[in-house]
Amino acid sequence: MELHMSDDLCLRRNIQLEPLVDLWYAWSHLISPATAARNVSERHIKIMKSYISAPTVHANAVANEQMRGGPFIDYAGKRVDEIHELLDRTVEKRRSLLELSKALADLNSTLQDKCQGYALADCYNLVPPALKGYVELVYDLNNAPSYRLIESLLYRSQYHSTETQTMMLSQISKDERPFILSTPRLPGQGMVHLNMPFHDDAIDYLFSAKTNPRSFTSMIDNCDVSERDCDTFRSFFTTETGGTCSSYDGKGARWRYFGHACILLEYKGVSILFDPILSYTYEASPSRYTYDDLPGRLDYVIITHNHQDHLLLETLLQLRHKTETVVVPRSNGSLQDPSLRLALQSMGFRSVIELDELQELEITGGAIVGIPFFGEHADLDVRSKLAYLVRIDGKQLMFAADSCNLETQMYRHVQRCFGDIDVLFVGMECDGAPLSWLYGPLLSRPLERQFDQARRLNGSNCDQAVEIIEALKCKEVYVYAMGQEPWLGYITSLKYTGESHPIVQSNRLLDYCREHGIAAERLYGEREVLVC
Ligand SMILES: [Fe+2]
């Protein structure tokens with residue numbers, strides 16, 4: 001249908017938004033000041049220096065399947081000058097963040113060297129100036145010295161700058177995207193680079209234009225598009241009206257699988273979206289639900305844990321205009337466990353609720369309950385992870401994400417508290433990355449290889465998942481969060497074959513369920529189920 005207002009246009013449904021920090025693909029650890037400091041100094045700068053000194057080594061590593069997802073820049077050994085410029089600019093612009101990174105390392109070694117069990121009051125004068133007032137020193141019950149960060153103050157300090165947050169817009173028409181976490185996103189043809197912090201309302205105006213026509217002049221002004229980029233920016237819009245939002249108004253509840261751990265649950269006009277990670281809309285196989293298939297309003301967006309494939313800023317920012325409340329697990333204030341609430345609030349999400357283990361959030365006709373999520377974080381003390389039990393209409397659905405069943409007794413306790421589970425969603429990515437892949441920049445010294453390889457981001461294997469199912473007396477089981485869909489490679493870097501361990505393990509689980517009369521599937525692509 002043609003629109004009447006000549007200035008009103010719709011954003012095309014295949015416009016991709018890449019949020020960037022210092023031109024690196026943004027994820028939550030680049031938002032929280034302390035983790036950002038460590039990632040800039042210990043990941044970005046190191047990778048860029050390595051590329052500048054040996055670009056062909058990077059090109060060869062990227063071409064090697066075995067090294068997928070490793071710390072290598074994917075520019076075929078080219079664009080070295082641009083990476084050099086970015087490195088110089090990062091060192092210049094991020095001076096205070098680099099001081100913070102050094103202060104965190106210094107504080108840690110000072111505590112280990114100087115705090116031997118006496119009162120810590122005398123140690124505050126040893127805290128590096130860059131961190132003074134931002135940490136409380138503590139001992140654990142074994143007399144090991146440590147500290148907790150006052151993150152809320154760090155967000156209101158010179159260490160939290162949105163100046164280097166930008167957005168890259170481009171058109172996407174196929175699933176293949178290069179792995180994004182190891183390569184800074186340099187501007188190129190067909191891209192429009194907007195100097196816009198993530199909290200900017202212009203993002204809401206822009207992405208609501210996928211379904212509601214908006215004034216193009218306002219969008220040019222709001223997004224501060226440069227003269228040079230105007231034509232490309234205009235090509236992102238169309239006079240055709242965009243997709244319509246669909247919502248479920250039938251009997252009972254309906255869930256739809258959008259890929260990975262992204263599930264939309266709807267009932268009685270309430271919509272709950274778990275771990276949003278969505279395909280853009282273009283012709284591709286397998287068929288899938290996309291942004292077009294979301295309702296006009298998301299009552300709850302629920303995050304299970306702080307890994308990039310579950311808390312994906314690219315998707316969250318595009319949904320912000322229709323998101324009422326985000327529910328996140330509460331963190332513990334340590335360096336490795338930054339607050340998801342503070343990160344999301346700094347990105348313009350106004351209503352963010354933190355949930356604890358067994359804490360209930362009342363919702364229309366039921367409740368969402370936080371359930372303990374063990375493992376999958378390389379044995380680090382990370383609390384910002386929850387499975388969720390959704391209790392609606394006499395049904396109990398549990399979304400366990402990447403929970404690794406390290407102790408079945410915990411699930412027996414959960415069953416005792418809440419009863420049998422009707423529907424379980426369980427991840428089985430049981431060959432997770434080693435600790436250093438995600439948390440390496442936060443360590444005070446590199447981990448020995450054998451420890452790094454042993455401590456991984458593993459989900460449950462078959463035996464562990466079977467024990468969850470038995471303990472919770474599940475009636476229906478869906479294996480999900482496998483990172484299998486072809487539109488996820490840019491963030492998961494996974495490519496399975498029939499022999500891949502997670503596939504073999506989940507096949508075994510499906511066999512087990514079949515033999516025991518439990519309905520079970522491994523989700524892939526798209527799926528819709530009515531819960532009556
Ligand atoms: Fe995970």
Side-chain angles (χ1 to χ4, degrees), residues 25 27-30 32 35 39 68-69 179-181 257-263 273-278 301-316 327-332 336-338 340 343-344 355 357 370-388 398-406 424-442 452-461 464-465 468 478-485 488-494 496 500-503 505-506 522-523:
Y25 188 77
W27 61 291
S28 62
H29 280 207
L30 299 187
S32 324
T35 50
N39 273 278
R68 274 175 72 87
F179 181 66
I180 198 77
L181 294 172
Y257 172 72
F258 281 67
H260 201 48
C262 183
I263 292 191
L273 185 67
F274 290 88
D275 290 349
I277 179 166
L278 296 166
V301 164
I302 300 195
I303 304 297
T304 56
H305 64 297
N306 191 8
H307 287 161
Q308 297 99 330
D309 50 331
H310 295 261
L311 194 166
L312 184 70
L313 305 191
E314 171 170 342
T315 308
L316 285 174
V327 179
V328 297
R330 195 187 302 280
S331 63
N332 72 8
Q336 74 273 14
D337 194 17
L340 304 188
L344 287 166
L355 222 55
E357 291 161 347
I371 299 293
F373 174 144
F374 279 4
E376 214 253 345
H377 290 63
D379 300 325
L380 292 170
D381 184 9
V382 171
R383 305 288 170 80
S384 55
K385 49 179 187 171
L386 277 179
Y388 293 95
M398 189 180 293
F399 298 82
D402 297 340
S403 297
C404 184
N405 177 12
L406 299 171
L424 172 73
F425 296 88
V426 62
M428 293 187 68
E429 219 292 81
C430 48
D431 264 356
L435 180 151
S436 62
W437 185 79
L438 198 123
Y439 302 103
L442 311 182
D452 193 33
Q453 291 297 313
R455 290 173 57 187
R456 305 184 81 95
L457 281 63
N458 281 351
S460 293
N461 62 23
Q464 290 168 319
I468 298 177
Y478 296 92
V479 176
Y480 77 147
M482 300 293 275
Q484 260 189 300
E485 283 81 12
L488 301 173
Y490 73 103
I491 198 82
T492 63
S493 81
L494 290 171
Y496 290 137
S500 301
H501 192 220
I503 298 299
Q505 290 288 310
S506 50
R522 183 173 53 225
L523 298 173

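Source: prediction; values computed, not measured. Atoms within a ligand are numbered from 1 in the order they appear, just like the ligands themselves.
- In this pair, Tyr478 and Phe425 present their aromatic rings parallel. The plane angle is below 30°, not in the 30 to 60° band.
- Distance check for Glu429 against the Fe ion (ligand 1): none of its N/O/S atoms falls below 2.8 Å.
- Residues passing the side-chain hydrogen bond (donor to acceptor under 3.5 Å, both in side chains) test with Ser384, sequence neighbours excluded: Asp337.
- Side-chain rings of Tyr388 and Phe399 stay apart, their centers remaining 6.0 Å or farther from each other.
- Here His310 fails the criterion, with no N, O or S atom under 2.8 Å of the Fe ion (ligand 1).
- Residue Asp402 approaches the Fe ion (ligand 1) most closely through its N/O/S atom OD2.
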*Is there a side-chain hydrogen bond (donor to acceptor under 3.5 Å, both in side chains) between Thr492 and Asp309 once you walk through the steps?*
CA-CA 7 Å; Thr492 63; Asp309 50 331; over 6 Å; no
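- Between the side chains of His307 and Glu376, a donor-acceptor pair is found at a separation under 3.5 Å.
- The atom of His307 nearest to the Fe ion (ligand 1) is ND1, with the search restricted to N, O or S atoms.
- Among the atoms of His377, no N, O or S atom falls under 2.8 Å of the Fe ion (ligand 1).
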